[in-house]
Amino acid sequence: MSRARADSRNERDRDDDPNKNFKVVVRVRPPLDRELAGHSHFQNTVLVESAQQMRVSESPSALEGGTGAEDIAASNFNTYTFTFDHVYGEESNQAVVYDSTARGSVMSTLQGYNATIIAYGQTGTGKTFTMEGEPTKEKRGIIPRATEEIFRHIENTASDRKKYLVRASYLQIYNEVIS
């Protein structure tokens with residue numbers, strides 16, 4: 001492959017590329033207090049290796065890089081590596097997740113395009129926290145940040161010749177029931 005073509009592909013595949021129509025991102029949430037204080041010891045089975053890659057293992061010692069007998073025991077378990085458009089680790093905050101994942105879609109709606117953001121996963125994996133957040137400035141999720149950004153944009157660009165119609169939907173499906 002020619003260098004110009006490879007550079008073009010790398011440019012097109014960047015995480016912040018506004019022309020990219022579909023992104024798959026993963027956010028690894030930190031353990032909950034109840035998991036840390038539970039009857040059994042909390043064991044992390046996910047390792048964020050880079051901004052695009054994570055490793056999941058049935059054996060926590062396989063992620064920790066144990067030595068000796070731990071390595072032999074860890075080799076009896078499966079370990080998988082997955083690559084995504086972006087992987088956010090436990091330390092990621094709401095602002096970073098919004099700015100690098102959702103903001104581009106929100107801004108494209110202000111140019112007249114439709115956008116959808118979907119949070120998918122098992123119960124207890126952090127979807128609601130990521131989308132809604134908590135009622136503090138730092139922990140606001142994608143939905144309140146997007147709403148604020150849209151109305152701030154409207155306020156800053158308002159004129160007699162420009163009109164806006166804002167229509168948004170929020171849908172939650174839980175146990176195959178739409179709420």
Side-chain angles (χ1 to χ4, degrees), residues 9-68 70-109 115-149 170-174:
R9 177 179 288 166
N10 289 339
E11 184 71 20
R12 188 178 65 239
D13 291 342
R14 284 189 9 230
D15 190 43
D16 61 349
D17 184 351
N19 297 317
K20 195 167 185 181
N21 293 328
F22 193 87
K23 292 182 190 176
V24 178
V25 301
V26 172
R27 185 175 193 185
V28 178
R29 70 161 174 80
L32 302 173
D33 290 338
R34 71 174 185 259
E35 293 169 332
L36 295 173
H39 298 307
S40 60
H41 175 69
F42 175 79
Q43 295 185 340
N44 188 7
T45 59
V46 176
L47 174 67
V48 176
E49 293 185 316
S50 71
Q52 286 83 31
Q53 205 166 60
M54 65 186 281
R55 194 164 20 131
V56 180
S57 181
E58 296 172 340
S59 170
S61 63
L63 300 176
E64 296 167 2
T67 58
E70 292 174 351
D71 282 340
I72 295 169
S75 67
N76 293 327
F77 296 95
N78 293 320
T79 300
Y80 305 94
T81 300
F82 299 99
T83 303
F84 299 94
D85 291 306
H86 199 94
V87 177
Y88 298 98
E90 295 178 15
E91 72 290 342
S92 65
N93 64 50
Q94 297 284 61
V96 168
V97 172
Y98 174 77
D99 288 341
S100 61
T101 299
R103 188 169 192 272
S105 295
V106 171
M107 298 310 289
S108 73
T109 65
T116 302
I117 299 171
I118 298 171
Y120 178 82
Q122 286 181 261
T123 298
T125 57
K127 300 174 301 298
T128 301
F129 178 74
T130 297
M131 296 302 287
E132 296 178 12
E134 295 178 2
T136 65
K137 184 167 176 58
E138 298 81 30
K139 294 189 176 181
R140 290 182 332 258
I142 288 174
I143 293 170
R145 288 174 191 274
T147 304
E148 290 166 4
E149 182 132 33
Y170 170 65
L171 175 72
Q172 181 172 349
I173 302 172
Y174 181 74

May I ask you to test the [X]-[Y] pair for a side-chain heavy-atom distance under 4.5 Å?
| X | Y | value |
| --- | --- | --- |
| R140 | E134 | no |
| T130 | V97 | yes |
| V106 | Y98 | yes |
| V26 | F84 | yes |
| M107 | E149 | yes |
| L47 | M54 | no |

Say you draw a straight line from [atom1] of [X] to [atom2] of [Y]; how long is it, rounded to the nearest 0.5 Å?
| X | Y | atom1 | atom2 | value |
| --- | --- | --- | --- | --- |
| L171 | I173 | CG | CD1 | 5.0 Å |
| I142 | T101 | CD1 | OG1 | 6.5 Å |
| T136 | E138 | OG1 | CD | 5.0 Å |
| S50 | H86 | OG | NE2 | 9.0 Å |

In terms of side-chain heavy atoms, does S100 have a donor or acceptor partner in Y88 at a distance below 3.5 Å?
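The answer is yes; a qualifying pair exists.
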
Under a 3.5 Å threshold, yes or no: a donor from one side chain and an acceptor from the other, between T83 and Q53?
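A pair is found: one side chain offers a donor N or O, the other an acceptor, under 3.5 Å apart.
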
Does the pair R145/E132 count as a salt bridge with the N-to-O cut at 4.0 Å?
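So R145 does not pair with E132 through a salt bridge.
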
With a 4.0 Å cut-off on N to O distance, would you call R29 and E90 a salt bridge?
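Result for this pair is no, no salt bridge flagged.
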
List the atom of [X], the atom of [Y], and the distance in Å for their closest heavy-atom pair.
| X | Y | result |
| --- | --- | --- |
| F77 | S59 | CD1-CB, 3.5 Å |
| S108 | A115 | OG-CB, 4.3 Å |
| F129 | Q94 | O-NE2, 2.7 Å |
| K127 | Y120 | CD-C, 3.5 Å |
| K23 | D85 | CA-OD2, 3.1 Å |

Around Y174, counting heavy atoms of other residues, nucleotides and ligands shown, do more than 12 lie under 6.0 Å from its OH?
no

If the test is side-chain hydrogen bond (donor to acceptor under 3.5 Å, both in side chains), which one of T81, N44, T79 qualifies with S57?
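Result: among T81, N44, T79, T79 is the only option passing the side-chain hydrogen bond (donor to acceptor under 3.5 Å, both in side chains) with S57.
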
